[in-house]
Amino acid sequence: MTREAPAESYDPNAIIDKWMKVWDDLHVYEADGLTEGDDATARSYVVSMYPYPSGDLHMGHAEVYSISDAIARYVRMQGHNVLNAIGWDSFGLPAENAALKRDLDPRDWTYANIAVQAESFRRLGVSFDWRTRLHTSDPEYYRWNQWLFLRLFDRGLAYRKEAAVNWCPNDRTVLANEQVIAGRCERCGTIVVQRPLTQWFFKTTAYAQRFLDDMAQLEGKWPHEVLAIQRNWIGRSSGAHIDFAITGRAEPVRVFTTRPDTLFGATFFVVAVDSPLADELCTDEQRAAFEAYQQTAATATEIERLATDRPKTGVFLGRYAINPAGGEQIPVYAADYVLAEYGTGAIMAVPAHDQRDLDFARAHGVPVRVVIATGEPDPAETGVATNGDGRLVNSGEFDGLPVEAAKEAITAKLAAEGVGEAAVTYRLRDWLLSRQRYWGTPIPIIHCPACGLVPVPDEQLPVELPTTGYELRPADGESPLSSATDWVNVECPSCGGPARRDTDTMDTFVDSSWYFLRYPNPNYTDGPFDPAGVARWLPVDEYIGGREHATGHLMYARFITKVLYDLGMVPFVEPFTKLMNQGQVIMAGKAMSKTLGNLVNLQEQIAAYGPDAVRVTMVFAGPPEDDIDWADVSPTGAMKWLARVWRLTGDIGVLPAPSEPDLALRRSIHKLIAEATTAMDTRRLNVGISRLMELTNLLRRAVDTGVGPGHPTVREGAEALVRMLSCFAPFTAEEGWERLGH
RNA sequence: GUCCGGGUGGUGGAAUGGCAGACACAGCCGCCUUAAAAGCGGCGGCCGAAAGGCGUACGGGUUCGAAUCCCGUCCCGGGCACCA
């Protein structure tokens, strides 16, 4: 049949205000009961990694929230009581940079950006429950960072030690990693050096094994890749600790090895050049050579340090280690290929069966002794260490044992003699959380000359940031807060004498390691989070965010959750039941950046195509996990589809002509509905949209050349289409629903 | 080096043991239009006139049947990287 040309046309931006007001007035996206309610319906807690307010929303935000909102809306349509939460990660470096550059208070810049982003979220039609809204830079929030810090401090999980930090010699200030560009200071271009300063740490290493063990619950629910990255990052190695006596020293030195079976092949001993032990073991005769080497090692550039094929250097320290198996004396070297922070900072070197040790031995004329017969060529001649399986040789009573049996037998013998034991080591390091910056949570510790480190009493929290009288770029390299003298100088809570506040602030990853616990009741004042809200919603059912957080935020959130479990504050050990990593939005094969000049502006896209078409484009582009190349997708195509749906609903109109259902058409409609549902259940959101497009085409044909627009089966299909569409394009769906007479 | 992914039309992708290329983008053709846009309809892996044959990086294998499972090779992306 022919249709008259539409007198009006689909205008995606004309329908935004109308529906925003309706949704607000009816509170349609508010969950049923934040901290209490009947338990008849299933509940789902949907959280997207919260935004950082560095300006207006960008394309990346649009992708994450298009995906998470489609999931939230779908689950809600399935009958769940859904809490779709939002807040802001509002402490952090860009606010400080903006403040320096424009002579602003970081607060003004931050809260202005939050206001802009909040309005943009509303105009994008994201179905947040705005009652969850929190900002981590609010004193009411960061107060609880401080409270949590003190609980970790009480338990010995927060401690101070010296660590290397980035230091700009020109600006005489500490730099965050993000401020170091290609080894140079972001502001002045000076080459950045490492400088030791005393820093605060959280003892994440105490939880290394639990991180691994609890992954059993995440298997199949988190992306396989993220679990693999975390396992890699934790880096569990099992082997043995072995004690070597040292000539002229009372105490033995302990090493860690994964190859106790090669103990008889140890022909030298190495300690990390930058460890205190190297300095202590050095004899007077070797002192000059050692200090010269120490200098060379300390000034190696980052690029040299990263090269894996650099020559093995080191210096003899003038002492010998005594092999606990056989009593052989072997020379002790200091070298930079042994890391001070890993294991014990000392190793037994077995050149025949370890490539690094062999490289060193060949460079320094140390003998090579094969102790595993692997059938491979002699490493002393080939320069290639052998690490295959085989039987022990040159190993006294252990000769003839295969590798695995020898590991056990030698470890058992060492243990029986009290000079070793089976041991596990992790590559994971403790979390360095102090920052020498202004715009973060002050560390609630007071330094008293008489009492030492004194926690600020809970009832004095929050320790609020000073709002005036500070200098953001102090001259002495300490935190900017050290120049706020009125704020820094306090009475010691313990002895009442003069004392100073800690002037460092916390890494913003502290803020983000527990924010999802506070969402159900962001105004709670009796603790960091409301136990009733946590009991009702946590753990998070659907967590959506970037893969780049695998070793950062996601590890920290897991850590804090486990600590809270140990404190009896939460009844679960894993915060996120299910995790989805969305991809990035890129442009013509490259990450969008100001320098490349390939930024796509979200508001311009919305102005051109409407919020719904931008959302549909994001979700339809491909699997949610994949990157979206904006050069390859078509917001025009998305908008055309939405216009087709819009016209279809207008053509069908309000009053169906009475007639019998068309069974064949009905079957086709319901097959597509079923397929769309399966796709949504398995989170193949792009496939879900394609089924809705097929349904649109089917109904268009039915209207034009089939049973006609007034047929009840067409109407049934159109109503289903519009309802499912609301997951992706809420404004157009509402408009279509209304055009269908609702 | 090591660990984890991946390789399907011009493009994004669909199909996870059962009709390869759904759905869309870009392209071409037709209808409509004075015209254009919009809209509606159609074509579209490769070879071939057709019949037919070939085809999911490459080589082998399992199976009645393989894009899908197994082995090997090549290539691409990502994590970690002197971690003992």
Side-chain angles (χ1 to χ4, degrees), chain A residues 1-6 9-10 223-237 239-242 255-260 262 266 269-270 272 300 304-314 335-351 353-357 359-360 385 387 423 425-429 547-548 550-551 581 583-584 589 616-617 620-623 625-641 643-644 647 651 672 675-676 679 682 684 686-697 700-701 703-705:
Chain A
M1 76 177 268
T2 54
R3 292 175 304 107
E4 288 173 25
S9 62
Y10 172 67
H224 187 253
E225 190 193 4
V226 172
L227 296 178
I229 290 171
Q230 290 201 351
R231 268 194 202 97
N232 211 304
W233 185 254
I234 294 161
R236 184 185 200 272
S237 295
H241 278 145
I242 303 176
V255 302
F256 174 74
T257 180
T258 55
R259 295 296 302 274
T262 63
F269 192 95
V270 188
E304 287 165 348
R305 213 183 296 278
L306 288 174
T308 50
D309 55 350
R310 58 196 284 243
K312 294 286 177 289
T313 56
D336 67 355
Y337 83 92
V338 168
L339 306 177
E341 323 87 72
Y342 184 75
T344 63
I347 63 159
M348 66 176 207
V350 184
H353 307 295
D354 182 281
Q355 190 60 48
R356 297 153 300 180
D357 296 345
D359 293 344
F360 187 94
N387 57 7
T425 297
Y426 302 88
R427 191 169 51 213
L428 184 71
R429 304 288 156 76
R547 191 176 290 114
E548 68 274 16
T551 57
N581 291 131
Q584 312 252 305
V616 166
T617 304
F620 183 60
E625 300 79 14
D626 289 4
D627 287 351
I628 297 172
D629 193 330
W630 204 250
D632 289 336
V633 297
S634 173
T636 309
M639 189 171 76
K640 281 185 186 176
W641 173 51
R644 274 163 66 80
R647 277 194 305 275
D651 291 348
L672 287 171
E675 286 176 4
T682 51
R684 283 142 56 240
N686 54 323
V687 180
I689 289 187
S690 77
R691 295 297 170 259
L692 300 191
M693 288 175 170
E694 287 183 69
L695 183 52
T696 310
N697 296 342
R700 181 79 262 164
R701 279 193 301 274
V703 167
D704 288 350
T705 59

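Letters go in sequence order (proteins before strands), and every chain restarts at 1.
Rounding to the nearest 0.5 Å gives a distance of 13.5 Å between CZ of A/R429 and CD1 of A/I234. Put simply, CZ on A/R547 and CD on A/E225 are 5.0 Å apart, with the number rounded to the nearest 0.5 Å. In this structure, CD1 on A/I229 lies 10.5 Å from CD on A/E548, to the nearest 0.5 angstrom. One distance of note links OG1 of A/T262 with CG of A/N387; it measures 11.0 Å at 0.5 Å rounding. Between the CG atom of A/L428 and the CD atom of A/Q230 there is a distance of 10.0 Å, given to the nearest 0.5 Å.
Nearest nucleotide to the A/R701 side chain, out of B/C23, B/G41, B/G78: B/G41. Side-chain proximity of A/S690 to B/C40, B/C23, B/C80: nearest is B/C23. For A/R700, whose side chain is taken as the heavy atoms from C-beta onward, the closest listed nucleotide among B/C82, B/C40, B/A84 is B/C40. Distance from the side chain of A/K640 is smallest for B/A38 among the nucleotides B/A84, B/G78, B/A38.
As judged by a 4.0 angstrom heavy-atom cut-off over every strand, A/D626 is placed among residues touching the sugar-phosphate backbone only. Across all strands, A/Y426 comes closer than 4.0 Å to no nucleic acid atom at all (heavy-atom distances). If you check every strand for non-hydrogen atoms under 4.0 Å, A/V255 touches nothing. Residue A/S237 is in sugar-phosphate contact alone, with no base atom involved, counting any heavy-atom pair closer than 4.0 Å across all strands shown. Base engagement by A/R429 is indicated by at least one non-hydrogen atom pair under 4.0 Å involving a base atom. When heavy atoms are screened at a 4.0 angstrom cut-off, A/L339 is found touching base atoms of the nucleic acid.
A close approach under 4.0 Å does occur between a side-chain nitrogen or oxygen of A/N697 and OP1 or OP2 of B/A24. Listed pair A/S634 / B/G12 fails the phosphate criterion, with no side-chain N or O lying under 4.0 Å from OP1 or OP2. Remark: A/R644 is in phosphate contact with B/C40, judged by side-chain N or O atoms under 4.0 Å from OP1 or OP2.
Straight-line distance from the CD1 atom of A/I689 to the P atom of B/A22: 18 Å, rounded to whole Å. Atom NE2 of A/H224 is separated from atom P of B/G79 by 17 Å (rounded to the nearest Å).
A/I347 places a side-chain heavy atom less than 4.5 Å from the side chain of A/D357. Counting heavy atoms from C-beta outward, A/R644 and A/N697 have side chains that approach closer than 4.5 Å.
A salt bridge links A/D704 with A/R700: the distance from a Lys NZ or Arg NE/NH1/NH2 to an Asp or Glu carboxylate oxygen falls below 4.0 Å.
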Polar atom pairs (N or O), protein with nucleotides 14-18 of chain B, under 3.5 Å:
unit_1 : atom_1 : unit_2 : atom_2 : d
B/A14  : OP1    : A/N686 : ND2    : 3.2
B/A15  : OP1    : A/R684 : NE     : 3.0
B/A15  : OP1    : A/R684 : NH2    : 2.5

Query raised in the report: When Watson-Crick pairs (N1 to N3 and N6-O4 or O6-N4) and G-U wobble pairs (N1-O2 and O6-N3) count only below 3.5 Å on both distances, what is the dot-bracket string of RNA chain B, with | for other-strand pairs?
Result: (((((((..(((.....[....))).(((((.......))))).(((....)))..(((((..]....))))))))))))....

